[in-house]
Amino acid sequence: MRHVLTTGLVRGLVGQAVGFALGVYTARAWGATDWRADGPLAWAAVLSVLGFMLASGMVSDWLGWLAGNFAPPRHGAPPGKPRWWRYWSVDYDHKVIGIQYGVTALVLVGLAGSVALIFRSELSKPGIDFLEPAVFNTLIGWHGIVMIAGILTGVAAMANYLVPLMVGARDMAFPRLNAFAYWINVPGVVLVVLALFLRWETGWTGYPPLGVQTMPGAIPFYLGVFVIGFSSILGAVNILATAFGMRAQGMTLFRMPIFVWSMVATSIIALTATQLIGLSFVLVVLERVFGMTFFSPTLTESAQALGSPPGQPLLFQHLFWFYSHPAVYVFILPGLGIISELLPVFARKPLFGYKWVAMASLAIALVGFLVWGHHMFTSGMSDIMRVTMMWTTLLVAVPTGVKFFNWLGTMWGGKLTFPTPMLFVLGALSIFLIGGLSGPPNGTVSTDLFLHDTYWIVGHFHATMFGGFVYPYIAAIYYWYPKVTGRMYNETLGKIHFWLMTPAFWTMSLGQMLAGLWGMRRRIVDYDPALGVAGLQTAVTIAAHVIFLSMLIFAFNLVWSAFRGKVAAANPWRSRSPEFQVPSPVPDENYPAPVVVVSEPYEYGGPEPYVVFAHGPAAADD
Amino acid sequence: MRKHFLRAGALVVSLAALLGWLAYTRFDFFVPRLASEEGVVVDRLLRVHFFLIAAIFALVVGFAVYSVWAFRRRADDDTPGAAIHGHGGLEFLWTVIPLGIVLSLSAMGVRDFLFLRRTDADLTVQVQAQQFSWGFVYPEYDIRSPELVVPTGQRVKFELTSLDVIHSFWVVEFRIKEDAVPGMTTYAYVTPRTEGEYRVRCAELCGSGHANMYAPVRVVSPEAFDAWVAEQQAAQQQAASPVARGEQIFQQYCAACHTLDGSPKVGPSLNGLAGRTTTLDDGTTVTVDEAYIRESILDPQAKIVAGYPPVMPATFGQALSEDDLDALVQFLLQAGE
């Protein structure tokens with residue numbers, strides 16, 4: 001118990017509470033009557049994040065530098081603390097941070113999924129049964145934004161754990177920045193949790209003018225997302241620096257493991273676009289707190305006092321989607337990288353068209369910047385913009401198709417085996433396929449006038465998210481589980497997980513798409529029985545519960561196997577990747593000697609290994 | 001390998017034929033009733049999309065399923081798979097062919113979109129959206145109506161505005177959708193073709209009453225439309241009784257969130273209001289009278305009934321004329337007595 005209280009997490013949360021209380025107290029002292037008013041709430045939220053940063057220890061080393069204290073990055077628990085302590089505190093080992101990210105992602109996805117079950121149950125039949133509309137609207141927004149936070153941390157988990165290992169490095173380029181990027185998520189998520197209790201009705205997109213007028217939960221929602229955004233930006237800097245600057249000797253760009261390519265493409269987006277959602281959200285907060293009218297055409301009293309001109313609601317949507325569309329490629333490119341990484345292992349043959357797969361990731365990332373307007377096809381945006389954005393949007397299908405065909409080429413003529421990770425890779429392929437194929441009807445502006453803001457869209461993006469992130473992430477967890485924990489997961493439970501989840505997901509996805517075609521709108525607490533979608537809604541609700549059940553089995557498997565699983569071999573999948581050439585779990589500092597790349601990464605059956613360890617003294621530049 | 005290609009190809013072709021046939025011939029199963037000429041154009045391209053989805057799905061799934069079956073590792077076979085690294089010609093083909101497909105889709109999209117958005121119109125209807133109701137103004141006839149009535153065969157230009165937040169004007173059977181954005185006017189064009197009763201449904205999350213933000217739609221023959229116009233114009237000449245007028249206003253503006261049968265919705269039920277004693281969220285009680293009703297419409301946040309969220313829009317002072325407000329108050333004073 002004594003040790004629990006000294007962990008960075010607990011100290012940080014206490015610091016956040018103190019910061020928040022300080023904000024409320026000072027606001028009261030300055031004459032505020034209600035802490036839930038926009039000004040006091042925003043002030044307290046900002047102080048609470050600073051409180052977390054100071055108390056958790058995430059900036060201690062940097063503050064130490066200011067005082068002239070240049071300690072080396074700390075690995076492991078300090079003397080007198082148990083081994084688990086490092087996982088709950090600031091630690092600079094990329095593998096520890098990767099595990100912290102990974103567990104956080106599972107917790108966030110689990111919370112957001114549980115919330116989804118609540119409103120899904122409300123929707124299982126027409127009529128408002130047990131959820132007040134304002135609560136329903138809050139829950140759908142919370143589900144969306146917490147899932148996004150969960151996906152971003154899940155992506156960061158894979159990136160942090162795998163990229164340094166795959167490029168043969170000892171750690172990330174900037175270990176302290178890496179820890180900062182993880183820990184900044186925690187106060188951000190706490191603010192988003194606060195938003196749940198204070199309520200806001202805009203959904204995760206936060207569109208003004210509703211975002212300016214809705215309940216006070218909007219303030220911690222906008223600020224929490226702003227804070228979480230730092231994690232993406234700083235994490236991306238680190239990944240790019242690591243991938244470009246810390247590769248092992250002999251690892252040319254086209255000998256990098258393909259997952260590293262996908263993380264490079266992802267990081268380019270996260271580094272350059274995340275600012276836009278942060279900006280748009282902060283502008284709404286400024287509009288609420290100071291009446292600085294950016295987006296609302298009708299002026300508040302304070303805006304009139306400032307002499308502001310009317311705001312423009314569409315401006316927000318441009319800023320918001322300039323990040324939030326490319327963001328979906330941040331979510332899926334790493335997942336597609338996992339598919340490309342695992343298929344050769346389980347097919348025992350080279351990745352088909354390696355360079356095309358690598359370049360397809362970059363192409364998706366770059367074209368992805370030019371398509372945001374398809375979220376605004378019915379927004380009142382000018383017709384010429386709509387047509388332009390349709391051309392660019394449909395182009396994304398080309399590099400995505402290239403990936404699919406290369407995956408088929410990789411399977412063709414292989415010696416396929418189907419342990420749980422491979423099952424999830426194949427599941428990802430099938431689900432991402434229907435997610436991708438349901439895209440062009442909404443990407444084409446004329447048909448989107450019909451499909452926009454319907455359940456067709458809900459089905460489409462849940463399929464892309466499950467196929468592009470959830471399934472690959474689960475595959476990655478099963479695949480690297482022995483490497484991370486030193487023990488094997490339970491194969492039977494893994495297969496039960498897959499065979500429950502996949503038919504349920506297909507039911508859910510097709511049910512959602514069909515309901516949308518029949519006229520079911522998004523984000524409604526109640527629907528018209530005349531549409532005939534009640535049966536579909538019931539089926540979707542049941543399927544969602546089955547998915548949740550399968551995820552519980554997954555969680556049980558992960559926890560149980562960590563203690564009781566069979567001890568894992570160093571290389572249970574006979575992979576050529578460098579992290580599988582060292583014992584499980586991966587030792588501190590990763591590799592016994594500098595890694596030297598001597599052949600191609602996926603040359604299964606080839607005479608040479610991918611990497612060898614250089615013996616003798618370390619190279620001078622190491 | 002040739003044998004495998006032939007078998008996988010046969011699987012793909014039969015799967016594509018089955019799915020394509022379903023997508024094309026059973027199209028009506030997938031889409032709702034159609035009631036506009038513009039919808040015909042939308043559905044036509046949607047059908048092409050469905051056909052392509054079926055074909056590409058069959059291609060990928062056919063090859064994947066075949067590989068899973070034919071290239072599964074046999075017991076005790078420890079040899080690696082075929083050492084294939086790629087194929088430049090194939091890469092070229094599966095880049096260029098999809099590129100051709102999406103460029104063609106885009107071209108069809110442009111063709112259809114320009115057709116849908118052409119600016120000729122026979123009739124103009126101004127659509128005024130606000131939380132959580134729709135109002136329809138026919139400037140050519142000087143009519144204001146809570147119900148959208150449009151004639152078949154005439155291209156209607158909808159001029160959309162919003163008083164408060166973003167809403168979206170959508171009639172499922174018309175297919176076309178367009179946001180109503182405060183501070184600007186947006187446009188949608190629809191040529192109704194099938195007589196019947198439909199609904200406007202708000203398609204952009206706009207607050208607590210969003211789900212029930214409906215307005216009735218009637219598509220009628222041109223003759224019936226002319227009769228309706230004459231009737232409306234006559235009705236607006238002779239003032240209806242305030243209570244009847246008030247009920248109409250209630251149905252248009254209030255019914256998305258309030259009932260008259262005692263059951264709560266987004267807000268409290270409004271039957272038997274006059275003289276009722278209501279508990280407010282700060283614990284005080286208030287007796288409902290005309291002044292209280294008037295205040296609750298014009299400044300809804302002033303007093304909040306306990307147990308309900310403070311989400312009622314404050315825009316009704318703008319939306320309702322002085323006479324309309326009086327009529328609504330008169331109606332509410334006697335409703336459910």
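Lettering of chains follows the sequences in order, A, B, ..., and the numbering in each one begins at 1.
Atom-to-atom distance recorded for A:L416:CG and B:R72:CZ is 10.0 Å, nearest 0.5 angstrom. To the nearest 0.5 Å, the span separating CZ on A:R521 from CH2 on B:W170 amounts to 8.0 Å. Rounding to the nearest 0.5 Å places CD1 of B:I166 at 11.0 Å from CZ of A:F295.
When heavy atoms are compared at a cutoff of 4.5 Å, A:Y207 approaches chain B solely by way of its side chain, counted from C-beta outward. Proximity to chain B is limited to the side chain of A:Q312, based on heavy atoms less than 4.5 angstrom apart. For a residue to count as touching a neighbouring chain, one of its non-hydrogen atoms must lie under 4.5 Å from one of that chain's; by this rule A:W456 touches chain B with the side chain only. When heavy atoms are compared at a cutoff of 4.5 Å, A:L351 approaches chain B solely by way of its backbone atoms N, CA, C and O. Interface remark: B:Y187 contributes no atoms to any contact with chain A (heavy atom separation under 4.5 Å). Using a 4.5 Å cut-off between heavy atoms, A:P399 does not touch chain B at all. Of the two parts of A:S296, neither the backbone nor the side chain holds a non-hydrogen atom closer than 4.5 Å to a non-hydrogen atom of chain B. Contacts between A:L210 and chain B at a heavy-atom distance below 4.5 Å involve backbone atoms as well as side-chain atoms. Interface remark: A:D383 contributes backbone and side-chain atoms alike to the contact with chain B (heavy atom separation under 4.5 Å). Interface remark: A:A134 contributes backbone and side-chain atoms alike to the contact with chain B (heavy atom separation under 4.5 Å). Interface remark: B:M184 contributes side-chain atoms only to the contact with chain A (heavy atom separation under 4.5 Å). Heavy-atom distances place no part of A:M376 under 4.5 Å from chain B, backbone and side chain included. Interface residue A:R523: backbone and side-chain heavy atoms are both found under 4.5 Å from chain B. Contact annotation for A:P310: neither backbone nor side-chain heavy atoms come within less than 4.5 Å of a heavy atom of chain B. Contacts between A:Y602 and chain B at a heavy-atom distance below 4.5 Å are absent for every atom of the residue. Both the backbone and the side chain of B:V110 come within contact range of chain A, each with at least one heavy atom under 4.5 Å from a heavy atom of that chain.
Between A:W518 and B:F29, the angle of the ring planes goes over 60°, which puts this pair in the perpendicular group of the 30/60° scheme.
The heavy-atom pair separating A:G380 from B:T186 by the smallest distance is CA-CG2, 3.6 Å.
When each of B:L45, B:V41, B:D43 is checked for a side-chain contact (heavy atoms from CB on, under 4.5 Å) with A:T447, only B:L45 meets the rule.
Taking the six-membered ring for Trp and the full ring otherwise, A:W412 and B:F5 have centroids separated by under 6.0 Å.
By the 4.5 Å heavy-atom criterion applied to side chains, B:P32 and A:F450 are counted as neighbours. Two residues are said to be in side-chain contact when any heavy atoms from C-beta on lie closer than 4.5 Å; A:P441 and B:I53 meet this criterion.
Remark: B:D78 engages A:R574 in a salt bridge, criterion side-chain N to carboxylate O under 4.0 Å. Using a 4.0 Å cut-off between charged side-chain N and carboxylate O, A:D528 and B:R199 make a salt bridge.
B:K177 places a side-chain N or O within 3.5 Å of a backbone atom of A:H452 that can act as its donor or acceptor partner. Listed for the B:R175 side chain is no donor-acceptor partner under 3.5 Å among the backbone atoms of A:L449.
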Working for side-chain contact (heavy atoms from CB on, under 4.5 Å), residues A:F404 and B:I56 = CA-CA 11 Å; A:F404 266 102; B:I56 299 171; over 6 Å; no
